[in-house]
J.: 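Here you go, one structure.
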Amino acid sequence: MKPTDLVVTPMGLRFLGRVFPCSIGRGGIVPARDKREGDGATPVGVHRLVGMLYRPDRLTRPADWALPIGPSDLWSDDPRDENYNLMVRAPHGFSHERLRRADPMYDLVILTDWNWPQAEPGRGSAIFIHQWRRPGAPTAGCIGLSRRDLHWIAPRIRHRTRLVVRL
């Protein structure tokens, strides 16, 4: 592991010599081979960071490579969809998650390469790094951080930064 890795530890998320409180999935941390759609688990592994999305109506661009979330942007979470585990646009005839939420949870989203870009149906859709609901509240499998910490981390991510999750 490198200091530039985001490392999930029992104490929190370690990055650049600091440790940030974080939330993980309600299903706990599971071996990658056991991860399934809807299980609420955070998969073990070394995950590349492949994108960053943000709400331009709520915050300034956090990094020069971040892309804006528009009103029609969705994320497909339906294993029957040929666009499973990809960003899609409304209207969309399959199960999906709205990226432009009323709450601030997805105002800033860091995308990992979990089951991407060639998704295996049912292995689980997106593992994001995003704002938590509140301290200690579990996610649906993602990594949750406080708004302040997420906004500190985002501009410091580099091309080789990875998310490392261990049992």
Side-chain angles (χ1 to χ4, degrees), residues 1-53 65-67 69 73-89 92-99 101 105-106 108-146 149-150 153-154 156-167:
M1 282 181 288
K2 303 175 280 188
T4 55
D5 287 338
L6 295 157
V7 182
V8 176
T9 74
M11 301 301 294
L13 184 76
R14 191 177 70 231
F15 179 61
L16 295 178
R18 296 177 63 176
V19 178
F20 304 92
C22 72
S23 296
I24 61 169
R26 69 181 178 281
I29 295 175
V30 299
R33 70 180 177 277
D34 296 338
K35 175 74 180 131
R36 299 290 177 261
E37 184 64 45
D39 64 3
T42 303
V44 167
V46 176
H47 311 287
R48 289 180 308 119
L49 304 183
V50 295
M52 185 183 300
L53 306 173
W65 51 282
L67 300 175
I69 295 170
D73 291 335
L74 314 169
W75 197 272
S76 174
D77 60 8
D78 191 331
R80 299 169 300 149
D81 185 358
E82 69 181 22
N83 292 307
Y84 174 60
N85 200 27
L86 293 173
M87 192 164 142
V88 294
R89 303 199 36 96
H92 190 69
F94 292 90
S95 175
H96 58 270
E97 190 169 5
R98 187 165 289 286
L99 293 174
R101 298 170 57 107
M105 194 162 69
Y106 286 176
L108 175 56
V109 177
I110 300 164
L111 310 172
T112 73
D113 70 345
W114 171 254
N115 200 21
W116 180 93
Q118 300 299 319
E120 182 181 323
R123 289 245 10 249
S125 53
I127 299 298
F128 295 153
I129 302 169
H130 61 72
Q131 185 175 322
W132 60 22
R133 293 181 198 283
R134 65 187 177 286
T139 68
C142 299
I143 304 298
L145 294 159
S146 75
D149 293 343
L150 182 61
I153 290 168
R156 290 168 175 82
I157 291 172
R158 297 295 174 254
H159 177 68
R160 293 198 170 129
T161 301
R162 308 172 300 173
L163 173 65
V164 179
V165 180
R166 295 195 210 167
L167 278 174

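Sequential numbering from 1 along the given sequence is applied to the chain's residues.
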J.: Is it true that a side-chain atom of Tyr84 and a backbone atom of Gly124 form a donor plus acceptor pair closer than 3.5 Å?
T.: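 Checked: pair present.
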J.: Taking the side chain as every heavy atom from C-beta outward, state whether Leu99 and Phe128 have any pair of such atoms under 4.5 Å apart.
T.: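 Heavy-atom side-chain distance check passes, below 4.5 Å.
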J.: Looking only at atom types and distance, does a side-chain atom of Glu120 sit under 3.5 Å from a main-chain N or O of Asn115, one as donor and one as acceptor?
T.: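 The answer is no, because no donor-acceptor pair under 3.5 Å joins these two groups.
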J.: Does atom CZ of Arg36 have more than 12 heavy-atom neighbours, drawn from other residues, nucleotides or ligands, at distances under 6.0 Å?
T.: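 Yes, because the 6.0 Å sphere around CZ of Arg36 holds more than 12 heavy atoms from other groups.
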J.: How far does CG of Leu86 sit from CD of Gln118, to the nearest 0.5 angstrom?
T.: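 Spacing of CG (Leu86) from CD (Gln118) equals 8.5 Å.
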J.: Counting only N and O atoms by type, is there a donor-acceptor contact under 3.5 Å from the side chain of Thr112 to the main-chain atoms of Ile127?
T.: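 Looks like yes, one N/O pair under 3.5 Å.
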J.: Is the shortest side-chain heavy-atom distance between Ile143 and Trp132 below 4.5 Å?
T.: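 Side chain of Ile143 against side chain of Trp132, heavy atoms only: no contact under 4.5 Å found.
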J.: Scan for salt bridge (charged side-chain N to carboxylate O under 4.0 Å, His left out) pairs involving residues 43-52, sequence neighbours excluded, and state none if there are none.
T.: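 Checked against salt bridge (charged side-chain N to carboxylate O under 4.0 Å, His left out) - neighbours excluded - the pairs reaching residues 43-52 are Arg48-Asp113.
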J.: Is Lys35 reaching over with its side chain to a backbone N or O of Ala41, donor-acceptor style, under 3.5 angstrom?
T.: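 Confirmed, Lys35 side chain pairs with Ala41 backbone.
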J.: Quick one, Ile129 with Ile153, criterion side-chain contact (heavy atoms from CB on, under 4.5 Å). Give me CA distance, side-chain angles, the key distance, then yes/no.
T.: CA-CA 10 Å; Ile129 302 169; Ile153 290 168; over 6 Å; no
J.: Say you draw a straight line from SG of Cys22 to CG of Leu150; how long is it, rounded to the nearest 0.5 Å?
T.: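 The SG atom of Cys22 sits 11.5 Å away from the CG atom of Leu150.
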J.: Look up atom CZ in Arg18 and atom CG in Asp149, then write down how far apart they are to the nearest 0.5 Å.
T.: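 Interatomic distance, Arg18 CZ to Asp149 CG, rounded to 0.5 Å: 7.0 Å.
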J.: With heavy-atom distances below 4.5 Å as the criterion, would you say the side chains of Val165 and Ile24 are in contact?
T.: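 Side chain of Val165 against side chain of Ile24, heavy atoms only: no contact under 4.5 Å found.
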J.: Do the side chains of Phe15 and Leu145 get nearer than 4.5 Å, heavy atoms only?
T.: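 No. Closest side-chain heavy atoms not under 4.5 Å.
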J.: Over all heavy atoms of both residues, which pair between Gly122 and Pro79 is shortest? Give the atoms and the distance, please.
T.: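 Residues Gly122 and Pro79, closest heavy atoms: N-CB, 3.6 Å.
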J.: Restricting to non-hydrogen atoms, name the atom on Gly141 and the atom on Pro43 that form the minimum distance, rounded to 0.1 Å.
T.: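 Result for this residue pair: O-CD, 4.5 Å.
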J.: Please examine the side chains of Leu6 and Ile110, heavy atoms only from C-beta on, and report whether any two atoms are closer than 4.5 Å.
T.: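 Side chain of Ile110 against side chain of Leu6, heavy atoms only: no contact under 4.5 Å found.
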J.: State, with a plain yes or no, whether a side-chain heavy atom of Thr4 is found less than 4.5 Å away from one of Leu16.
T.: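 A side-chain contact exists here, since the closest heavy-atom pair is under 4.5 Å.
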J.: What pairs meet the salt bridge (charged side-chain N to carboxylate O under 4.0 Å, His left out) rule with one or both residues in residues 20-34, with sequence neighbours excluded?
T.: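 Non-adjacent pairs meeting salt bridge (charged side-chain N to carboxylate O under 4.0 Å, His left out): zero.
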J.: Using 30° and 60° as the class limits, which term best fits the ring planes of Phe94 and His92: parallel, tilted or perpendicular?
T.: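 The arrangement is tilted - the two ring planes meet at 30° to 60°.
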J.: Evaluate the side-chain proximity of Met52 to Leu108: yes if any heavy-atom separation is below 4.5 Å, no if none is.
T.: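 The answer is yes; the side chains approach within 4.5 Å.
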J.: Do you know which two heavy atoms are closest between Leu111 and Trp75, and how far apart they sit?
T.: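 Here Leu111 and Trp75 meet closest at CD2-CZ3, 4.2 Å.
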J.: Within the side chain of Arg123, is there an N or O that forms a donor-acceptor pair under 3.5 Å with the backbone of Trp114?
T.: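 Checking the backbone N and O of Trp114 against the side chain of Arg123, no donor-acceptor pair under 3.5 Å is found.
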J.: Could you measure the distance from the OH atom of Tyr106 to the SG atom of Cys142? Nearest 0.5 Å is fine.
T.: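 Going from OH on Tyr106 over to SG on Cys142, the span is 5.0 Å.
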J.: Do you see a donor-acceptor pair shorter than 3.5 Å between the side chains of Asp81 and Ser76?
T.: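 On atom types as modelled, these side chains qualify, holding a pair under 3.5 Å.
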J.: Donor-acceptor pair, Asp73 side chain versus Arg89 backbone, under 3.5 Å?
T.: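 Checking the backbone N and O of Arg89 against the side chain of Asp73, no donor-acceptor pair under 3.5 Å is found.
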J.: Could you grab the distance from atom NE2 of His130 to atom CZ of Arg101, nearest 0.5 Å is fine?
T.: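 Reported to 0.5 Å precision, the distance equals 7.5 Å.
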J.: Which value, rounded to the nearest 0.5 Å, describes the distance between Thr161 atom OG1 and Lys2 atom NZ?
T.: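 Here the interatomic distance stands at 7.5 Å.
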J.: Give me the atom names and distance for the closest heavy-atom approach of Asp77 to Ser95.
T.: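 It is OD1-OG, 2.6 Å.
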J.: Ignoring hydrogens and geometry, is there a side-chain-to-backbone donor-acceptor pair from Thr42 to Gly25 under 3.5 Å?
T.: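 Side chain of Thr42 to backbone of Gly25: a pair is present.
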